[in-house]
2 protein chains.
Amino acid sequence: MNIAQHLSTHDIKPSYQRIKIYEYLYEKMNHPTVDVIYKNLVGEIPTLSKSTVYNTLKLFIDKGITSTLTIEDNEVRYDAAVESHGHFKCTSCGAIFDIKYDFKDVAMNKLKGFEIKETQVHVKGKCNQCLTNKN
Amino acid sequence: MNIAQHLSTHDIKPSYQRIKIYEYLYEKMNHPTVDVIYKNLVGEIPTLSKSTVYNTLKLFIDKGITSTLTIEDNEVRYDAAVESHGHFKCTSCGAIFDIKYDFKDVAMNKLKGFEIKETQVHVKGKCNQCLTNKN
DNA sequence: TTCTAAATTTGTAATCATTACAAAAATAAA
DNA sequence: TTTATTTTTGTAATGATTACAAATTTAGAA
Ligand SMILES: [Mn+2]
Ligand SMILES: [Mn+2]
Ligand SMILES: [Zn+2]
Ligand SMILES: [Zn+2]
């Protein structure tokens, strides 16, 4: 995918920093925090400011090409995937996995007559690999 | 329910502050933030410190009689209900409703072999009443 | 009851993530 | 090339939470 194109399509001027930040999100798909993004890019962009990371992510969210998840009370994570999907976080190794879910029979009875804009499903536990390795 | 008794049963010495804080959580069931709890109790307990609210909630969580939800990126809310249930927040009036959900067919296929410790379901939108009143 | 030790509460300072904001740099338009 | 606009940057301000030590309260021993 052409990232500059993608940004332009969504009304975002494709500056160098914006391209690099989106590229990181999109290629890693690792649900990073602001700090993780910053630390991973500052090597390649020595002048990068954390403000720019914050500004850029806010813009991406505003234009609908990035979503957030707060699976842990104290850290906001970012995701280039914007379709509705859930997340599993392994409390042992910290890895975050995307999970699909059907919202059809979930809670729908109670929400009759409500207008649903957004749903988040967060699951915590231990992943397959950590269980095998007894971490 | 006898709150002092309930705290004792869970290995928590029922001090005046602890009883009042739990009483607030349990009777209101309004998913308050620390600040909301503090502001609502400081009238009755003029010497109350926000530190005590933080300490007490941490203890409650540790002992398993309180849970947290972070439906909004920047505010942690507390809940005397500890059984697994989801939450709906109305973006118009701010009210938070408990919702039941079945986790059986949600995401289970993907999580085969994983050990699930905790799940959170957050839904945002407009509540029935706000839709009727066109808020 | 009085004394002493332990637990709890309190107030303040430190920390950390995020936001605000204005100056500097880069880009686009004239 | 000027000038205006946009973007980036650095720093200060804010706000929630945590750390920590002093003050207060509670409980137990004498
Ligand atoms: Mn994801
Ligand atoms: Mn609840
Ligand atoms: Zn793991
Ligand atoms: Zn409402």
Side-chain angles (χ1 to χ4, degrees), chain A residues 3-4 6-8 10-25 31-63 65-79 94, chain B residues 3-5 7-8 10-25 31-63 65-79 94:
Chain A
I3 289 174
H6 184 58
L7 298 182
S8 294
H10 290 85
D11 196 26
I12 298 167
K13 289 197 183 144
S15 73
Y16 181 61
Q17 287 87 339
R18 287 169 180 174
I19 289 172
K20 284 297 178 187
I21 291 170
Y22 191 80
E23 186 178 69
Y24 182 82
L25 276 181
H31 310 92
T33 60
V34 162
D35 206 57
V36 167
I37 297 170
Y38 175 77
K39 289 205 170 90
N40 272 277
L41 292 180
V42 74
E44 193 177 0
I45 315 170
T47 63
L48 184 65
S49 163
K50 219 175 250 190
S51 291
T52 301
V53 181
Y54 277 108
N55 292 340
T56 302
L57 291 169
K58 190 168 292 182
L59 180 67
F60 288 174
I61 290 163
D62 202 48
K63 300 299 187 183
I65 63 168
T66 296
S67 64
T68 62
L69 52 141
T70 307
I71 196 167
E72 218 66 76
D73 276 359
N74 52 354
E75 52 182 31
V76 180
R77 293 171 175 278
Y78 297 84
D79 194 342
Chain B
I3 289 175
Q5 183 93 58
L7 298 183
S8 294
H10 289 84
D11 196 26
I12 298 167
K13 287 196 185 147
S15 72
Y16 181 61
Q17 287 88 337
R18 288 169 178 173
I19 289 171
K20 284 297 177 187
I21 291 170
Y22 191 81
E23 185 178 70
Y24 182 82
L25 276 182
H31 310 92
T33 60
V34 162
D35 205 57
V36 167
I37 296 170
Y38 174 76
K39 289 206 169 89
N40 272 277
L41 292 181
V42 74
E44 193 178 359
I45 316 171
T47 63
L48 184 65
S49 163
K50 220 177 251 188
S51 290
T52 301
V53 181
Y54 277 107
N55 292 339
T56 302
L57 291 169
K58 190 166 293 183
L59 179 67
F60 287 174
I61 289 163
D62 201 48
K63 300 299 186 183
I65 63 167
T66 296
S67 63
T68 62
L69 53 140
T70 308
I71 196 166
E72 217 67 75
D73 276 358
N74 52 355
E75 51 182 32
V76 180
R77 294 171 174 278
Y78 297 84
D79 194 342

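In what follows, every chain begins at residue 1, and chains take the letters A, B, ... in the order their sequences are listed. In this text, all values refer to a predicted model and were calculated from it rather than measured experimentally.
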Contact state string [nucleotides 17-30 of chain C, B base, S sugar-phosphate only, - no protein heavy atom under 4.0 Å]: SBBB----------
Spacing between B:E72 atom CD and D:dA16 atom P, to the nearest angstrom: 14 Å
Using the side chain to side chain donor-acceptor pair (under 3.5 Å) criterion, which residues pair with A:D62? Sequence neighbours excluded. none
Atom NZ of B:K20 and atom C1' of C:dT9: how far apart are they, to the nearest Å? 17 Å
Only counting residues at least two apart or in another chain, list the ones meeting salt bridge (Lys or Arg N to Asp or Glu O under 4.0 Å) with A:K13. none
To the nearest Å, give me how far apart CG (A:L57) and P (D:dT7) are. 15 Å
Rounded to whole Å, how long is the line connecting atom CG of B:L7 with atom P of C:dA7? 18 Å
Nearest-Å distance for atom pair CG/P, residues B:L59 and D:dT18: 14 Å
Taken to the nearest whole Å, CG/A:D73 to C1'/C:dC16 is 15 Å
Across all chains, not counting sequence neighbours, the side chain to side chain contact (heavy atoms under 4.5 Å, CB included) partners of B:L7 are B:I3, B:I12, B:P14, B:R18, B:I19, B:Y22, B:F60, B:I65
By the 4.0 Å heavy-atom rule, please label A:T33 as base, sugar-phosphate, or nothing. nothing
Base, sugar-phosphate, or nothing for A:S15, non-hydrogen atoms under 4.0 angstrom? sugar-phosphate
Does any pair with a residue in residues 45-55 of chain B pass side-chain hydrogen bond (donor to acceptor under 3.5 Å, both in side chains), and if so which ones, sequence neighbours excluded? B:D35-B:K50
Please report, rounded to the nearest Å, how far the C1' atom of D:dT17 is from the CD1 atom of B:I37. 14 Å
Those residues at least two apart in sequence (or on a different chain) that pass salt bridge (Lys or Arg N to Asp or Glu O under 4.0 Å) with A:E23 are A:K20
Shortest non-hydrogen contact from A:P46 toward A:G43: CG-O, 4.0 Å
Taking atom C1' of D:dT9 as reference, at what distance in whole Å does atom OH of A:Y16 sit? 16 Å
